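Right, one structure below, let's go through it.
Predicted, not measured: the structure shown is a model, and the values here were computed from it.
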Amino acid sequence: MSEKKFTTTSGIKIKEVYTEPKQLELPGDFPFTRGIQKDMYRGRMWTMRQYAGFSTAEESNKRYHYLLAQGTMGLSVAFDLPTQIGYDSDHDMSEGEVGKVGVAIDSLKDMEILFDGIDLQKVTSSMTINATAPILLAMYIAVAKKQGADLKQISGTIQNDILKEYAARGTYIYPPKPSMRLITDVFEYCSREVPKWNTISISGYHIREAGSTAVQELAFTLANGKTYLQAAIAKGLDINIFAKRLSFFFNCHNNFFEEIAKFRAARRMWANITKELGATDPGAQKLRFHTQTGGSTLTAQQPLNNVIRVTNQALAAVLGGTQSLHTNGYDEALSLPTEASAKIALRTQQIIAFESGVCDTVDPLAGSYFVESLTDEIEAAAWKYIDTIDAMGGSVNAIETGYIQNEISNAAYEYQTDLENSERILVGVNKFVDNNELQLEVFRVDDSIRKLQMDKLSKLKSERDTNVVYKALKQLALSAKDGSNTMPYILTAVEAYATLGEIADTLRNEFGEY
């Protein structure tokens, strides 16, 4: 009988026992391994978000008000697939997808309804949007202006991370170079007009969902982050200013200690990357991140087991020092979350925060022989990947050659093989299977939603000033062509009630599709 091997999901060998670690810096001190604030959750709890968005803006608005009433501290908006790839609901490509995996947003009218009754100067909003991020941000700004908000005070995040779309997720529109230009246009515009807005959330989440290991998630995410820093510097932006508005979005999977060590290593690595690129302000060296529990870890079999998985992952994220957290509903392997499962997911965070005691001290696992050693090993393994990507000329080249995609694909295949061979156990799937499972009621979005959106679009187009829309889109096209910042022109088009699809098509005509 062969000796049992103990490894993390990234293949790092786990020793039987760990001995005394090195001397540690204090929380809040460079390179921030132990946290970016000296008092962490004693001073301020993480932002508790629930990712929500489905059907129409009216229905999603009801869910947001429900979540806010339950104690959610910030909103996290999911958009449907047509919105993500720049198609209005009446486009042929939108058929069968309107309102399904998120809310359908076709124009500023929809955005006004989405945030009706929600004070955007008091509530922070995170929007998972990438290729059309400048358009959705412009809509958000336009709603805030209509509310009379001080744009210098509104805060939130757009994902705006296009590199991981090419590598792992697929909701891109334009080729890499013009996509990078749009991102730096947002950096530049927001630094002047919306200074508290986080202009990009560099996402490891979707890299992990595509099948990467924890080390690959860390390495590829930070390599992408480094590319965005370099692009902004090349545009003439000051790293000590714009780097403060960058945030990250990580996944949290089931291997408890590996995930904690990943977050600690991420802070240390990012601090050194920013310092190497010229950041001298500690605020520009700190890695701030949102965490979502692992969607791909949820099982359709025995779905109530997912409550325990999510709790385990949420606790790891908190012990790892997250600034913001979304916990998945137990039914999300089957459908969009019901109100009941969304409430349990939120209560999971609240119980950890207010009942467990883990927030009473900063970085409570510091000094653990195992955690400190694992942090070092994850960091070393991630640097090897980043060095390889740097040698290729950076993330864009590594994506265009298929290197990152192949590494993720190989890791996903290896994990699936391990499951099928029962070398890794997934409770309820390849062990402890129950043939008499509880059948849950699931949440479904009706196909009739598309007709509702098409009717709203038709009404909008009959009421708006077509000449004003045409002029705004023409000015946007000229901006795309002459290299000036596109954001002011996108905002003007949005405020004229040009549709998302019309604005995206204007940019398609200038930049092409990828």
Could you tell me how the ring of Phe220 sits relative to the ring of Tyr403: parallel (under 30°), tilted (30 to 60°) or perpendicular (over 60°)? perpendicular
With side chains defined as the heavy atoms from C-beta onward, is the minimum distance between Phe242 and Thr199 less than 4.5 Å? no
Aromatic contact between Tyr514 and Tyr172, with the criterion being ring centroids under 6.0 Å apart: yes or no? yes
Under the side chain to side chain donor-acceptor pair (under 3.5 Å) rule, what do Asp161 and Ser203 come out as? Steps first, then yes or no, please. CA-CA 7 Å; Asp161 174 9; Ser203 175; 5.0 Å; no
For the pair Tyr87 and His91, name the ring-plane relationship: parallel under 30°, tilted 30 to 60°, perpendicular over 60°. tilted
Does any N or O in the side chain of Thr291 come within less than 3.5 Å of the main-chain N or O of His326, such that one atom is a donor and the other an acceptor? no
Can you check whether Arg267 reaches Lys286 side chain to side chain, under 4.5 Å on heavy atoms? no
Residue among Leu426, Asn430, Val429 satisfying side chain to side chain contact (heavy atoms under 4.5 Å, CB included) with Gln301: Val429
So, do Asn130 and Lys164 sit near enough that their side-chain heavy atoms are less than 4.5 Å apart? yes
Suppose we call two aromatic rings close when their centres sit under 6.0 Å apart. Are Tyr140 and Trp197 close by that rule? yes
Lys NZ or Arg CZ of Arg49 over Phe249 ring: under 6.0 Å, within 45°: no
Under the ring-ring contact (aromatic ring centres under 6.0 Å, His included) test, residues paired with Tyr413 that sit two or more places apart: none
Would you check if the side chain of Gln216 reaches a backbone N or O of Glu407 as a donor-acceptor pair within less than 3.5 Å? yes
Between the side chain of Glu209 and the main-chain N/O of Gly294, is any donor-acceptor distance below 3.5 Å? no
Which one of Glu258, Glu372, Glu25, Glu259 satisfies the salt bridge (Lys or Arg N to Asp or Glu O under 4.0 Å) criterion with Arg264? Glu372
Does the pair Arg508 and Asp505 meet the rule for a salt bridge (Lys or Arg N to Asp or Glu O under 4.0 Å), with working shown? CA-CA 5 Å; Arg508 276 187 180 94; Asp505 282 346; 2.8 Å; yes
